[in-house]
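For reference, the structure discussed in these notes is given below.
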Amino acid sequence: MSTLEKIRNIGIVAHIDAGKTTTTERILYYTGRIHRIGSVDEGTATMDYMIQEKEHGITIQSAATFFKWKDYNFNLIDTPGHVDFTIEVERSIRVLDGIIVILDASAGVQPQTETVFRQAQKYKVPTIFFVNKMDKLGANFELCLSSIKERLLTNPIPIQEPFGKEDSFQGVIDLIQMKLIRWTSEDGSEYIYEDLPSSYDQQRSFMLEEIASLDEIFMEKYLNSNYDLNDIYSALRRITLSGFGSPVLCGSAIKNIGIQPLLDAVIHFLPSPLDKPKQKSFLILQDGEKEITVDTIQTKEKLLALCFKISYFPSVGKISFVRVYSGRITENDVLYNSTKDIKERANKIIKMHANYMEEVKELKMGEIGAILGLKKTTTGDTLTSESNQRIVLESIHIPDPVIFVAIEASSRADEDKLFKALERLSEEDPTFKYKINEDTGQIIISGMGELHLDIIKDRIQREYNIKIYSGKPQVEFRESITKKSIGEYNFYKQVGNKLQTAYVKVEVIPIDEGIKVFIDTPEIPEKIVPSVKEGIYEALGFGVLAGFPCTRIKVKVVEAKYDKDLSTSLAFKIASFEATKIAINNSNPILLEPLMNVEIITPEEYLGSVVNDLQARNGEIQSISIYQSLGNIVINKIVALVPLREMFGYSTVLRSLTQGRGTFTMELHSYKEVPSSIQENIILKGTL
């Protein structure tokens, strides 16, 4: 067996409080990576090393570690469960080969579970499920199976059954080997396989029939009763790698039950780097880019790596986390950043265990690690060996911020320190942005939610020792256009001792999403093109109505005049900036607001009050369904589209409406035009 076949790059994902970090802590203990089990509640969990994580009892940043289990090398990333930190899940899943989805046994698939599962599907990442908290009151393994099928639209294949539940949960039934696995030591490190005390033939038959229905090779053997354990394992692996279904296991991480079989399942069913050799990439050409597929097995000697995360540590500074798809990175290598078309030097190569660093000689094909010394490389950049072809890997989707707040340093002396802190934080977290309001001089920071910005502000004050003042959170609106228009600008001005000139004419066109910029004239020399684009993007960064970023616009430079003696990069940057502003002003600009997909879980008795409140917030109810039924208690799930401006402080309102029993999550659904009366108010005041 090759070295690559013995690598597993996996992630732990789930809804908040399902037990991701608790499960990871047990994995590290049983694999010998740590020698004492930490606790999330006590703030001693290995992977939750940030002060804010310890205080809030939640994971905020994804944390990487590595270990061995049964001669296999694991690279593992523990991810956040809160929707405000979804970028941490997105970029982790982008570089992982497989994931473990943790479910709360009493809740099944929860809203954030659906989000992370969709992210995994987008990158075609195979999945296994671990139904955690089988010892909890209300634990229901069958409910979890049905919720996987109904809400995730995939095929759950239970390869285990719980032995007992709630207070009587004692172990798990291995349906493949038909054995009871019982844990015999308090710390869960020792376990034994026993003969079953009663028959589980019916459950095993269901498992085998499900496998046969999803795998033709096994189907033939099953119908002829000509199969063995290896056939079952092989069929399950094929099903998992194809995405047709997922094995489901169970246990209780807090009770130290079920972790070792989960690690075995990762080896048996989740892919090695050899199972995912084809990588979606793009070849950068002079006139655009061409989508290609790179087979990393065929190009195994050539370096191809993706930077998926940046972190700053006080002791060493900037660390760039990378996944190596082919080739290798060794100390002092000169790397080519094909995304930015620059060269960087890898001063040191390290592997991370949460916030602890272990220096290594190299990162080889299939491995995940980190590099010290990359100054300009950022999240989503591709690293290669320089060649004639400029190839970049599929990058990472970074959602736009939806909420902002104004901050300022408490003293002039802290202003420079504050900008340095903001620069570093925005490099670490691409969903966090900052800018200066030109009218008020205030610093505006933007993020994915109230908790996200609270954590950012807390980090500024604690990690960088800067006292700041902040206002109330506000909605991050967008500006767009409703019709095609033209704008032109002739720059003719004395700058210093030199007369500078440039003429640019642009056309702006409404599109469905994003921003596109094209140079559609041969009059602009190649060396001037970056300055023209820079001017356009700067204009789009601050709209013409209320200073919000623009979106859903295509800008095409249709005409230009270049004077070889008088034209400069600066002149063309200014001309393209002004021409774009004029064109947007002429195109009937509008404001767009974030529309949130809100999912609320509430007992049925409070359903009417919650629905009435949502409608009062201009919410559009999409669906109301039974989420769970426990005896006489019916739990409902409400899905609604609600403007973000109506959702500030909603957690307090929902607690009041449901006597503390309701929960909700929300994520960006789309942008829609702001009602004209509200738009006028925003333009006048700069905010709501």
*Would you please test K6 and D71 for salt bridge (charged side-chain N to carboxylate O under 4.0 Å, His left out) and show each step?*
CA-CA 7 Å; K6 291 207 161 190; D71 203 30; 2.6 Å; yes
_Pair I159, F269 - check side chain to side chain contact (heavy atoms under 4.5 Å, CB included), show working._
CA-CA 12 Å; I159 63 171; F269 309 125; 3.7 Å; yes
*When you look at Q260 and W69, which way does the side chain to side chain contact (heavy atoms under 4.5 Å, CB included) test go after all the steps?*
CA-CA 9 Å; Q260 295 92 336; W69 177 252; 3.7 Å; yes
*asked:* If you apply the rule side chain to side chain contact (heavy atoms under 4.5 Å, CB included), what do you find for I157 with L214, and how did you get there?
replied: CA-CA 10 Å; I157 307 170; L214 297 169; 3.9 Å; yes
*Using the salt bridge (charged side-chain N to carboxylate O under 4.0 Å, His left out) rule, take E667 and R118 through it: C-alpha gap first, then chi angles, then the decisive distance, then the call.*
CA-CA 13 Å; E667 62 182 337; R118 285 198 300 271; 2.9 Å; yes
_Full working for side chain to side chain contact (heavy atoms under 4.5 Å, CB included) between L76 and F66_ = CA-CA 6 Å; L76 181 146; F66 62 101; over 6 Å; no
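Using modelled atom types, no side-chain atom of E220 and backbone atom of N226 make a donor-acceptor pair closer than 3.5 Å. In this structure, the side chain of T22 does not engage the main chain of G19 through any donor-acceptor pair within 3.5 Å. In this structure, K318 contributes its side chain and L374 its backbone to a donor-acceptor pair below 3.5 Å. With T24 contributing its side chain and D78 its backbone, the two residues share no donor-acceptor pair below 3.5 Å. Judged by distance alone, with hydrogens and angles left aside, the side-chain atoms of S315 form no donor-acceptor pair with the main-chain N or O of F313 at under 3.5 Å. Looking only at distances, no side-chain donor or acceptor of R345 sits under 3.5 Å from a matching main-chain atom of V334. No donor-acceptor pair under 3.5 Å is formed between the side chain of T299 and the backbone N or O of K302.
Heavy atoms from other residues, nucleotides or ligands lying under 6.0 Å from NZ of K516 number 12 at most. Surrounding NZ of K348 are at most 12 heavy atoms belonging to other residues, nucleotides or ligands under 6.0 Å away. Within 6.0 Å of the CD atom in E216, the count of heavy atoms belonging to other residues, nucleotides or ligands does not exceed 12.
Atoms NZ and CG, on K375 and N337 in that order, are 14.5 Å from each other to the nearest 0.5 Å. From I10, atom CD1 reaches atom CD1 of I27 across 6.0 Å, with rounding to the nearest 0.5 Å. Rounded to the nearest 0.5 Å, atoms OG1 (T384) and CG (L306) are 12.0 Å apart. Here CD1 of I34 is found 11.0 Å from CZ of F67. Values are rounded to the nearest 0.5 Å. Distance CD1/I148 to CZ/R151: 10.5 Å, rounded to 0.5 Å. From Y30, atom OH reaches atom OG of S189 across 7.0 Å, with rounding to the nearest 0.5 Å.
Between the side chains of E90 and Y123, at least one donor N or O lies within less than 3.5 Å of an accepting N or O. Defined by atom type and a distance below 3.5 Å, a donor-acceptor pair is present between the side-chain atoms of E427 and Y312. A donor atom on one side chain and an acceptor atom on the other are found under 3.5 Å apart for T65 and H353. Checked by atom type, the side-chain pair T86/Q119 shows a donor-acceptor distance below 3.5 Å. A side-chain donor from one of E344 and T377 sits under 3.5 Å from a side-chain acceptor of the other. No hydrogens or angles considered: a donor-acceptor pair under 3.5 Å links the side chains of K351 and N75. No hydrogens or angles considered: a donor-acceptor pair under 3.5 Å links the side chains of D187 and Y29. S62 and E88 are linked by a side-chain donor-acceptor pair at a separation below 3.5 angstrom, with hydrogens and angles left out of the test. The closest side-chain donor-acceptor pair between K300 and S326, if any, does not fall under 3.5 angstrom. In this model, a donor atom of one side chain and an acceptor atom of the other lie less than 3.5 Å apart for K340 and T378. A side-chain donor from one of R91 and T379 sits under 3.5 Å from a side-chain acceptor of the other.
Side-chain contact between K133 and S106 is absent, with no heavy-atom pair separated by less than 4.5 Å. No side-chain heavy atom of L263 sits less than 4.5 Å from a side-chain heavy atom of R26. Side-chain atoms of I259 and T23, non-hydrogen and from C-beta on, do get closer than 4.5 Å to each other. Taking 4.5 Å as the limit, every side-chain heavy atom of F432 sits out of range of all side-chain heavy atoms of I87. No side-chain heavy atom of I391 sits under 4.5 Å from any side-chain heavy atom of T382. Using a 4.5 Å cut-off on side-chain heavy atoms (C-beta onward), N155 and S246 make no contact. When side chains are defined from C-beta on, L180 does not count as touching Y193, because their heavy atoms never get closer than 4.5 Å. You'll find the side chain of Q160 stays beyond 4.5 Å of the side chain of F141, heavy atoms only.
A salt bridge links E362 with R328: at least one charged nitrogen is closer than 4.0 Å to a carboxylate oxygen. Using a cutoff of 4.0 Å between basic side-chain nitrogens and carboxylate oxygens, R323 and D97 are scored as salt-bridged. Classification of K278 and D295 as a salt-bridged pair holds, one side-chain N sitting under 4.0 Å from a carboxylate O. Of the charged side-chain nitrogens involved, at least one lies within less than 4.0 Å of a carboxylate oxygen, so that D195 and K179 count as a salt-bridged pair.
With respect to F130, the side chain to side chain contact (heavy atoms under 4.5 Å, CB included) criterion is satisfied by exactly one of I12, I102, L103, V248: I102. Among the candidates R237, K124, R8, the single residue satisfying the salt bridge (charged side-chain N to carboxylate O under 4.0 Å, His left out) test with D275 is R237. When each of D228, D231, D215 is checked for a salt bridge (charged side-chain N to carboxylate O under 4.0 Å, His left out) with K221, only D231 meets the rule.
Between N347 and E331, the closest heavy-atom pair is O-CG, 3.0 Å. The minimum heavy-atom distance between P261 and W183, with the atom names listed, is CD-CZ2, 3.6 Å. Of all non-hydrogen atoms in Q121 and L152, the two that sit nearest each other are NE2-O, 4.4 Å. Heavy-atom minimum distance, D104 versus K136: OD2-NZ, 2.8 Å. Closest heavy-atom contact between D429 and T431: OD1-OG1, 2.6 Å. Listed here is the closest heavy atom pair of P126 and L270: O-CD2, 3.8 Å.
Under the 6.0 Å distance and 45° angle rule, R182 does not count as a cation-pi partner of F163.
Taking the six-membered ring wherever Trp is involved, the centroid distance between the rings of F218 and Y227 falls below 6.0 Å. Here the two rings, on H452 and F85, have centers that are under 6.0 Å apart.
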